[in-house]
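All values reported here derive from a predicted model rather than from experimental measurement.
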There are 2 protein chains.
Amino acid sequence: MSGRDAALDTIQRELTAFARRARATAARMHPELSLVSYTILAHLEEQQGCRATDLAAYYLLDKSTVSRQVAALERLGLIERRTDSTDHRVQVLHLAPRGNEVLAAARERRKQTFEERFADWDPADLGRFAEYLVRYNEDAAAHP
Amino acid sequence: MSGRDAALDTIQRELTAFARRARATAARMHPELSLVSYTILAHLEEQQGCRATDLAAYYLLDKSTVSRQVAALERLGLIERRTDSTDHRVQVLHLAPRGNEVLAAARERRKQTFEERFADWDPADLGRFAEYLVRYNEDAAAHP
DNA sequence: TGATATCGTTGCAAAACGCAACATTGCAGG
DNA sequence: CCTGCAATGTTGCGTTTTGCAACGATATCA
(Lines give C-alpha, C1' and ligand atoms only; values in the text may rest on other atoms or scores of the structure.)
Protein backbone atom coordinates (compact mmCIF):
# COMPACT_ATOMS: atom_id res chain seq x y z
CA MET A 1 0.00 0.00 0.00
CA SER A 2 1.42 3.36 -1.00
CA GLY A 3 1.91 6.19 1.44
CA ARG A 4 -1.00 7.96 -0.13
CA ASP A 5 -3.28 4.97 0.30
CA ALA A 6 -2.15 4.54 3.89
CA ALA A 7 -2.91 8.18 4.62
CA LEU A 8 -6.34 7.89 3.01
CA ASP A 9 -7.03 4.79 5.07
CA THR A 10 -6.02 6.48 8.28
CA ILE A 11 -8.10 9.55 7.50
CA GLN A 12 -11.16 7.41 6.86
CA ARG A 13 -10.68 5.42 10.02
CA GLU A 14 -10.03 8.35 12.31
CA LEU A 15 -12.81 10.50 10.93
CA THR A 16 -15.24 7.61 11.34
CA ALA A 17 -14.17 6.96 14.89
CA PHE A 18 -14.61 10.61 15.68
CA ALA A 19 -18.09 10.69 14.17
CA ARG A 20 -19.04 7.63 16.14
CA ARG A 21 -18.17 9.30 19.40
CA ALA A 22 -19.46 12.75 18.64
CA ARG A 23 -22.89 12.27 20.17
CA ALA A 24 -21.64 10.98 23.47
CA THR A 25 -18.91 13.62 23.58
CA ALA A 26 -21.42 16.40 23.07
CA ALA A 27 -23.67 14.91 25.75
CA ARG A 28 -20.82 15.06 28.25
CA MET A 29 -19.65 18.53 27.29
CA HIS A 30 -23.08 20.17 27.38
CA PRO A 31 -25.86 17.85 28.57
CA GLU A 32 -28.47 20.57 28.19
CA LEU A 33 -27.86 20.81 24.44
CA SER A 34 -27.73 17.75 22.19
CA LEU A 35 -25.29 17.53 19.31
CA VAL A 36 -28.16 18.27 16.95
CA SER A 37 -29.40 21.33 18.83
CA TYR A 38 -25.92 22.68 19.31
CA THR A 39 -25.19 22.29 15.63
CA ILE A 40 -28.31 24.15 14.57
CA LEU A 41 -27.78 26.99 17.03
CA ALA A 42 -24.15 27.37 16.03
CA HIS A 43 -25.13 27.36 12.37
CA LEU A 44 -27.73 30.05 12.96
CA GLU A 45 -25.19 32.16 14.78
CA GLU A 46 -23.08 32.26 11.65
CA GLN A 47 -25.82 32.22 9.06
CA GLN A 48 -28.48 34.52 10.40
CA GLY A 49 -31.53 34.36 8.18
CA CYS A 50 -31.11 30.69 7.45
CA ARG A 51 -33.98 28.57 6.12
CA ALA A 52 -34.85 25.07 7.29
CA THR A 53 -34.12 23.80 3.80
CA ASP A 54 -30.61 25.20 4.00
CA LEU A 55 -29.96 23.28 7.20
CA ALA A 56 -31.27 20.08 5.63
CA ALA A 57 -29.07 20.48 2.58
CA TYR A 58 -25.95 21.35 4.55
CA TYR A 59 -26.25 18.49 7.03
CA LEU A 60 -27.69 15.95 4.59
CA LEU A 61 -30.85 15.53 6.63
CA ASP A 62 -34.44 15.06 5.59
CA LYS A 63 -36.50 18.20 5.74
CA SER A 64 -38.91 16.52 8.13
CA THR A 65 -36.10 15.90 10.58
CA VAL A 66 -35.04 19.52 10.48
CA SER A 67 -38.63 20.65 10.78
CA ARG A 68 -39.01 18.79 14.05
CA GLN A 69 -35.70 19.96 15.45
CA VAL A 70 -36.55 23.54 14.61
CA ALA A 71 -40.00 23.19 16.19
CA ALA A 72 -38.44 21.83 19.38
CA LEU A 73 -35.89 24.64 19.56
CA GLU A 74 -38.65 27.18 19.05
CA ARG A 75 -40.73 25.66 21.85
CA LEU A 76 -37.70 26.05 24.09
CA GLY A 77 -37.50 29.70 23.11
CA LEU A 78 -34.02 29.31 21.62
CA ILE A 79 -34.80 30.34 18.06
CA GLU A 80 -37.40 32.45 16.26
CA ARG A 81 -39.12 31.96 12.93
CA ARG A 82 -40.06 34.94 10.81
CA THR A 83 -42.01 34.28 7.65
CA ASP A 84 -40.36 35.93 4.70
CA SER A 85 -42.40 38.88 3.52
CA THR A 86 -41.48 38.34 -0.12
CA ASP A 87 -42.06 34.57 -0.15
CA HIS A 88 -44.64 33.31 2.28
CA ARG A 89 -43.46 29.71 1.95
CA VAL A 90 -40.13 30.26 3.64
CA GLN A 91 -39.51 30.83 7.32
CA VAL A 92 -36.36 32.69 8.13
CA LEU A 93 -34.70 31.31 11.26
CA HIS A 94 -32.94 33.48 13.80
CA LEU A 95 -31.33 32.96 17.17
CA ALA A 96 -33.53 34.18 20.02
CA PRO A 97 -31.79 36.05 22.87
CA ARG A 98 -32.18 32.99 25.06
CA GLY A 99 -30.65 30.86 22.31
CA ASN A 100 -27.64 33.11 22.28
CA GLU A 101 -27.16 32.64 26.01
CA VAL A 102 -27.52 28.87 25.93
CA LEU A 103 -25.20 28.60 22.95
CA ALA A 104 -22.60 30.80 24.61
CA ALA A 105 -22.65 28.63 27.74
CA ALA A 106 -22.31 25.42 25.76
CA ARG A 107 -19.59 26.90 23.61
CA GLU A 108 -17.67 27.90 26.70
CA ARG A 109 -17.70 24.36 28.08
CA ARG A 110 -16.72 23.03 24.69
CA LYS A 111 -13.86 25.47 24.48
CA GLN A 112 -12.49 24.36 27.83
CA THR A 113 -12.47 20.75 26.71
CA PHE A 114 -10.87 21.57 23.40
CA GLU A 115 -8.21 23.73 25.00
CA GLU A 116 -7.20 20.83 27.21
CA ARG A 117 -7.03 18.52 24.24
CA PHE A 118 -4.95 20.88 22.17
CA ALA A 119 -2.89 22.22 25.04
CA ASP A 120 0.40 20.85 23.75
CA TRP A 121 -0.18 21.47 20.07
CA ASP A 122 2.02 23.85 18.19
CA PRO A 123 0.07 26.87 16.91
CA ALA A 124 1.25 26.17 13.38
CA ASP A 125 -0.07 22.62 13.58
CA LEU A 126 -3.38 23.91 14.92
CA GLY A 127 -3.70 26.28 12.01
CA ARG A 128 -2.88 23.60 9.46
CA PHE A 129 -5.32 21.17 11.05
CA ALA A 130 -8.07 23.78 10.86
CA GLU A 131 -7.23 24.46 7.21
CA TYR A 132 -7.31 20.79 6.34
CA LEU A 133 -10.70 20.29 7.96
CA VAL A 134 -12.20 23.23 6.12
CA ARG A 135 -10.77 22.00 2.88
CA TYR A 136 -11.99 18.47 3.50
CA ASN A 137 -15.54 19.58 4.19
CA GLU A 138 -15.53 21.71 1.08
CA ASP A 139 -14.34 18.77 -0.97
CA ALA A 140 -16.97 16.55 0.63
CA ALA A 141 -19.64 19.02 -0.42
CA ALA A 142 -18.23 19.15 -3.94
CA HIS A 143 -17.92 15.35 -4.33
CA PRO A 144 -21.06 14.04 -2.63
CA MET B 1 -9.72 36.52 19.12
CA SER B 2 -6.20 35.16 18.81
CA GLY B 3 -5.05 32.97 15.97
CA ARG B 4 -5.04 30.02 18.28
CA ASP B 5 -8.61 30.65 19.38
CA ALA B 6 -9.71 31.09 15.80
CA ALA B 7 -8.13 27.79 14.83
CA LEU B 8 -9.76 26.03 17.77
CA ASP B 9 -13.10 27.50 16.77
CA THR B 10 -12.73 26.36 13.20
CA ILE B 11 -11.70 22.87 14.25
CA GLN B 12 -14.73 22.56 16.49
CA ARG B 13 -17.10 23.78 13.81
CA GLU B 14 -15.75 21.66 11.00
CA LEU B 15 -15.49 18.49 13.05
CA THR B 16 -19.06 18.97 14.23
CA ALA B 17 -20.34 19.53 10.72
CA PHE B 18 -18.58 16.39 9.60
CA ALA B 19 -20.02 14.33 12.45
CA ARG B 20 -23.45 15.63 11.64
CA ARG B 21 -23.23 14.38 8.06
CA ALA B 22 -21.47 11.13 8.71
CA ARG B 23 -24.56 8.98 8.96
CA ALA B 24 -26.06 10.21 5.71
CA THR B 25 -22.70 10.01 3.97
CA ALA B 26 -22.26 6.40 5.01
CA ALA B 27 -25.78 5.60 3.87
CA ARG B 28 -24.97 6.91 0.40
CA MET B 29 -21.56 5.26 0.14
CA HIS B 30 -22.70 1.80 1.27
CA PRO B 31 -26.45 1.51 1.79
CA GLU B 32 -26.16 -2.13 2.79
CA LEU B 33 -24.02 -1.27 5.81
CA SER B 34 -24.99 1.45 8.27
CA LEU B 35 -22.37 3.69 9.82
CA VAL B 36 -22.68 1.69 13.02
CA SER B 37 -22.22 -1.68 11.39
CA TYR B 38 -19.38 -0.49 9.21
CA THR B 39 -17.58 0.91 12.20
CA ILE B 40 -17.83 -2.30 14.15
CA LEU B 41 -16.72 -4.47 11.24
CA ALA B 42 -13.80 -2.19 10.47
CA HIS B 43 -12.81 -2.21 14.12
CA LEU B 44 -12.87 -5.99 14.22
CA GLU B 45 -10.74 -6.16 11.13
CA GLU B 46 -8.01 -4.27 12.93
CA GLN B 47 -8.51 -5.60 16.41
CA GLN B 48 -9.17 -9.26 15.97
CA GLY B 49 -10.23 -10.79 19.22
CA CYS B 50 -12.07 -7.70 20.36
CA ARG B 51 -14.60 -7.82 23.20
CA ALA B 52 -17.96 -6.06 23.24
CA THR B 53 -16.80 -4.04 26.23
CA ASP B 54 -13.84 -2.77 24.24
CA LEU B 55 -16.14 -1.49 21.52
CA ALA B 56 -18.37 0.23 24.08
CA ALA B 57 -15.40 1.93 25.72
CA TYR B 58 -13.82 3.03 22.47
CA TYR B 59 -16.97 4.48 20.98
CA LEU B 60 -18.41 5.81 24.24
CA LEU B 61 -21.54 3.68 23.91
CA ASP B 62 -23.59 1.82 26.46
CA LYS B 63 -22.84 -1.89 26.61
CA SER B 64 -26.48 -2.65 25.89
CA THR B 65 -26.27 -0.75 22.63
CA VAL B 66 -23.19 -2.66 21.56
CA SER B 67 -24.75 -5.93 22.65
CA ARG B 68 -27.67 -5.41 20.29
CA GLN B 69 -25.51 -4.30 17.39
CA VAL B 70 -23.29 -7.32 17.82
CA ALA B 71 -26.32 -9.61 18.01
CA ALA B 72 -27.68 -8.15 14.78
CA LEU B 73 -24.34 -8.55 12.98
CA GLU B 74 -24.14 -12.14 14.15
CA ARG B 75 -27.66 -12.87 12.89
CA LEU B 76 -26.54 -11.55 9.52
CA GLY B 77 -23.58 -13.91 9.61
CA LEU B 78 -21.05 -11.09 9.45
CA ILE B 79 -19.29 -11.76 12.74
CA GLU B 80 -18.67 -14.69 15.08
CA ARG B 81 -18.53 -14.90 18.84
CA ARG B 82 -16.18 -17.33 20.54
CA THR B 83 -16.35 -17.61 24.29
CA ASP B 84 -12.94 -17.16 25.82
CA SER B 85 -11.64 -20.45 27.18
CA THR B 86 -9.78 -18.79 30.06
CA ASP B 87 -12.63 -16.46 31.09
CA HIS B 88 -16.10 -17.71 30.36
CA ARG B 89 -17.64 -14.29 30.82
CA VAL B 90 -16.06 -12.76 27.75
CA GLN B 91 -16.99 -13.38 24.15
CA VAL B 92 -14.24 -12.75 21.69
CA LEU B 93 -15.55 -11.20 18.49
CA HIS B 94 -14.19 -12.09 15.08
CA LEU B 95 -15.04 -11.20 11.52
CA ALA B 96 -16.85 -14.03 9.74
CA PRO B 97 -15.85 -14.76 6.14
CA ARG B 98 -19.04 -13.15 4.94
CA GLY B 99 -18.28 -10.12 7.10
CA ASN B 100 -14.92 -9.79 5.41
CA GLU B 101 -16.57 -9.78 1.99
CA VAL B 102 -19.20 -7.20 2.91
CA LEU B 103 -16.63 -5.00 4.59
CA ALA B 104 -14.30 -5.20 1.61
CA ALA B 105 -17.09 -4.15 -0.75
CA ALA B 106 -18.09 -1.23 1.43
CA ARG B 107 -14.50 -0.18 1.90
CA GLU B 108 -13.97 -0.20 -1.84
CA ARG B 109 -16.88 2.16 -2.41
CA ARG B 110 -15.66 4.35 0.42
CA LYS B 111 -12.21 4.44 -1.05
CA GLN B 112 -13.50 5.59 -4.42
CA THR B 113 -15.36 8.46 -2.82
CA PHE B 114 -12.39 9.46 -0.72
CA GLU B 115 -10.01 9.35 -3.64
CA GLU B 116 -12.23 11.75 -5.54
CA ARG B 117 -12.36 14.06 -2.58
CA PHE B 118 -8.63 14.07 -2.04
CA ALA B 119 -7.69 13.93 -5.69
CA ASP B 120 -5.97 17.31 -5.74
CA TRP B 121 -4.34 17.12 -2.31
CA ASP B 122 -0.61 17.14 -2.04
CA PRO B 123 0.71 13.86 -0.58
CA ALA B 124 2.49 15.76 2.19
CA ASP B 125 -0.74 17.46 3.19
CA LEU B 126 -2.54 14.11 3.17
CA GLY B 127 0.07 12.67 5.49
CA ARG B 128 -0.08 15.61 7.85
CA PHE B 129 -3.88 15.54 7.91
CA ALA B 130 -3.80 11.85 8.80
CA GLU B 131 -1.28 12.52 11.57
CA TYR B 132 -3.34 15.33 13.00
CA LEU B 133 -6.47 13.19 13.10
CA VAL B 134 -4.69 10.37 14.88
CA ARG B 135 -3.22 12.77 17.35
CA TYR B 136 -6.55 14.45 17.92
CA ASN B 137 -8.35 11.19 18.64
CA GLU B 138 -5.61 10.17 21.03
CA ASP B 139 -5.91 13.48 22.84
CA ALA B 140 -9.68 13.11 22.94
CA ALA B 141 -9.28 9.73 24.58
CA ALA B 142 -6.78 11.15 27.07
CA HIS B 143 -8.91 14.20 27.96
CA PRO B 144 -12.44 12.83 28.04
C1' DT C 1 -55.63 29.88 -15.64
C1' DG C 2 -53.52 25.57 -15.09
C1' DA C 3 -49.38 22.69 -14.51
C1' DT C 4 -45.36 22.36 -11.85
C1' DA C 5 -42.02 23.31 -8.30
C1' DT C 6 -40.70 24.69 -3.64
C1' DC C 7 -41.20 25.02 1.47
C1' DG C 8 -42.62 23.24 5.46
C1' DT C 9 -45.68 19.94 8.47
C1' DT C 10 -47.48 15.56 9.99
C1' DG C 11 -48.39 10.38 10.28
C1' DC C 12 -45.99 6.38 10.50
C1' DA C 13 -42.48 3.00 11.27
C1' DA C 14 -37.75 1.78 12.07
C1' DA C 15 -33.25 2.41 14.07
C1' DA C 16 -30.27 3.81 17.79
C1' DC C 17 -29.57 4.80 22.33
C1' DG C 18 -29.27 4.85 27.64
C1' DC C 19 -30.71 3.25 32.10
C1' DA C 20 -31.81 -0.22 35.28
C1' DA C 21 -32.27 -4.93 36.55
C1' DC C 22 -30.55 -9.41 35.97
C1' DA C 23 -27.77 -13.93 35.38
C1' DT C 24 -23.26 -15.73 34.91
C1' DT C 25 -18.55 -15.92 35.82
C1' DG C 26 -14.16 -14.66 37.96
C1' DC C 27 -11.46 -12.93 41.88
C1' DA C 28 -9.91 -11.83 46.44
C1' DG C 29 -10.27 -11.64 51.63
C1' DG C 30 -11.49 -13.92 55.63
C1' DC D 1 -13.96 -23.21 51.33
C1' DC D 2 -17.31 -19.36 51.10
C1' DT D 3 -18.82 -14.86 51.04
C1' DG D 4 -18.84 -10.48 49.05
C1' DC D 5 -17.56 -7.78 45.08
C1' DA D 6 -16.31 -6.74 40.28
C1' DA D 7 -16.73 -7.62 35.38
C1' DT D 8 -19.23 -9.30 31.21
C1' DG D 9 -23.06 -9.51 28.58
C1' DT D 10 -28.40 -9.73 27.92
C1' DT D 11 -33.07 -8.01 28.20
C1' DG D 12 -37.13 -4.89 29.24
C1' DC D 13 -38.54 -0.37 28.78
C1' DG D 14 -38.98 4.24 27.29
C1' DT D 15 -36.98 8.16 24.63
C1' DT D 16 -34.84 10.31 20.79
C1' DT D 17 -33.55 10.61 16.09
C1' DT D 18 -34.38 9.66 11.51
C1' DG D 19 -36.38 8.85 6.67
C1' DC D 20 -40.24 8.20 3.62
C1' DA D 21 -44.63 9.43 1.89
C1' DA D 22 -48.58 12.25 1.74
C1' DC D 23 -50.30 16.71 2.31
C1' DG D 24 -51.43 21.92 2.28
C1' DA D 25 -49.85 26.38 1.16
C1' DT D 26 -47.45 29.38 -1.74
C1' DA D 27 -44.78 30.73 -5.83
C1' DT D 28 -43.51 30.49 -10.79
C1' DC D 29 -44.02 29.84 -15.46
C1' DA D 30 -46.25 28.60 -19.80
Side-chain angles (χ1 to χ4, degrees), chain A residues 16 19-41 44 47 49-76 79-94, chain B residues 16 19-41 44 49-76 78-94:
Chain A
T16 306
R20 202 74 190 70
R21 290 187 246 201
R23 180 179 311 220
T25 303
R28 264 187 311 100
M29 281 193 289
H30 38 73
E32 77 286 0
L33 222 53
S34 74
L35 173 65
V36 186
S37 303
Y38 178 85
T39 308
I40 293 184
L41 292 187
L44 286 187
Q47 306 281 330
C50 182
R51 301 175 304 164
T53 301
D54 298 334
L55 290 171
Y58 190 73
Y59 295 111
L60 302 181
L61 294 171
D62 193 80
K63 55 184 179 174
S64 67
T65 301
V66 175
S67 173
R68 281 180 253 268
Q69 305 282 1
V70 165
L73 289 176
E74 192 199 23
R75 275 195 299 276
L76 293 173
I79 68 177
E80 294 173 359
R81 322 153 102 143
R82 311 178 191 160
T83 46
D84 189 330
S85 54
T86 72
D87 186 340
H88 285 230
R89 294 172 303 181
V90 317
Q91 298 178 349
V92 187
L93 305 177
H94 290 266
Chain B
T16 306
R20 204 71 192 73
R21 293 186 242 200
R23 180 179 309 225
T25 303
R28 263 187 310 103
M29 281 193 289
H30 37 74
E32 77 286 0
L33 221 53
S34 74
L35 174 64
V36 185
S37 303
Y38 178 84
T39 308
I40 293 183
L41 293 188
L44 286 187
C50 181
R51 302 175 304 164
T53 301
D54 298 334
L55 289 172
Y58 189 74
Y59 294 112
L60 302 180
L61 294 171
D62 192 79
K63 54 184 179 174
S64 66
T65 301
V66 174
S67 173
R68 280 180 250 269
Q69 306 282 358
V70 165
L73 289 175
E74 193 199 23
R75 275 196 300 275
L76 293 173
L78 303 184
I79 68 177
E80 294 173 0
R81 321 153 102 142
R82 311 178 191 160
T83 46
D84 189 330
S85 54
T86 73
D87 187 340
H88 286 229
R89 293 172 304 180
V90 317
Q91 299 178 347
V92 187
L93 305 177
H94 290 266

>> Under 4.0 Å, heavy atom to any atom of DNA chain C: which of residues 67-74 of chain B qualify?
In response: B:R68, B:Q69
> Quick one: B:R89 CZ to C:dT25 C1', roughly how many Å, whole number?
Replying inline: 6 Å
> For A:R51 and B:S37, take the nucleotide of DNA chain C holding the closest heavy atom to each; which residue's nucleotide lies nearer the 5' end?
Replying inline: A:R51
> Counting distance only, does the side-chain N/O of A:T25 pair as donor-acceptor with the main-chain N or O of A:R21 below 3.5 Å?
Replying inline: yes
> Whole Å only: how far is the CG atom of B:D87 from the P atom of D:dT8?
Replying inline: 8 Å
> Rounded to whole angstroms, how far apart are CG on B:L76 and C1' on C:dA15?
Replying inline: 14 Å
>> Whether the B:S67 and B:S64 side chains hold a donor-acceptor pair (N or O, under 3.5 Å, no angle test) is what I'd like checked.
In response: no
> Is any side-chain heavy atom of A:V90 less than 4.5 Å from a side-chain heavy atom of A:T53?
Replying inline: no
>> What residues from residues 22-30 of chain A pass a heavy-atom cutoff of under 4.0 Å to DNA chain C?
In response: none
>> Just to verify, which of B:R81, B:R68, B:R82 counts as forming a salt bridge (Lys or Arg N to Asp or Glu O under 4.0 Å) with B:E74?
In response: B:R81
> Hey, does the side chain of A:D87 reach the backbone of A:D84 with a donor-acceptor pair shorter than 3.5 angstrom?
Replying inline: no
> Starting at CD1 of A:I40 and ending at P of D:dT17, how long is that distance when rounded to a whole Å?
Replying inline: 10 Å
> Does any non-hydrogen side-chain atom of B:C50 lie less than 4.5 Å from one of B:V92?
Replying inline: no
> Has B:T65 got a side-chain N or O lying under 4.0 Å from the OP1 or OP2 atom of C:dG18?
Replying inline: yes
>> Both A:V92 and A:R20 contact DNA chain C. Which one's nearest nucleotide lies toward the 5' end?
In response: A:V92
>> Whether the side chain of B:T39 engages the backbone of B:L35 through a donor-acceptor N/O pair (distance < 3.5 Å, no angle test) should be reported.
In response: yes
> Once you round it to whole Å, what is the distance between C1' of C:dA5 and NE2 of A:H88?
Replying inline: 18 Å
> Under the side chain to side chain contact (heavy atoms under 4.5 Å, CB included) criterion, do A:D62 and A:T65 qualify, and how do the steps go?
Replying inline: CA-CA 5 Å; A:D62 193 80; A:T65 301; 3.9 Å; yes
>> Can you measure B:R81 atom CZ to C:dT24 atom C1' for me and round it to whole angstrom units?
In response: 15 Å
>> With a 4.5 Å cut-off on side-chain heavy atoms, are A:L55 and A:L61 touching?
In response: no
>> Tell me whether the NZ or CZ atom of B:R20 lies within the 45° cone about the ring axis of A:Y58 and under 6.0 Å from its centre.
In response: no
> C:dA16, C:dC7, D:dT17: which one has an atom nearest the side-chain heavy atoms of A:V36?
Replying inline: D:dT17
>> Measuring only between side-chain heavy atoms, which start at C-beta, is B:I40 closer than 4.5 Å to B:Q69?
In response: yes
> What parts of residues 52-64 of chain B reach DNA chain D, counting only heavy atoms under 4.0 Å away?
Replying inline: B:A52, B:T53, B:K63, B:S64
> Within this structure, what is the CD-to-P distance between A:Q91 and C:dT6, rounded to whole angstrom?
Replying inline: 18 Å
> Should A:T83 and A:Q91 be marked as a side chain to side chain contact (heavy atoms under 4.5 Å, CB included) after you check the CA-CA gap, both sets of side-chain angles, and the distance that decides it?
Replying inline: CA-CA 4 Å; A:T83 46; A:Q91 298 178 349; 4.1 Å; yes
>> With nearest nucleotide decided by heavy atoms, which residue, A:S34 or A:S85, maps closer to the 5′ end of DNA chain D?
In response: A:S34
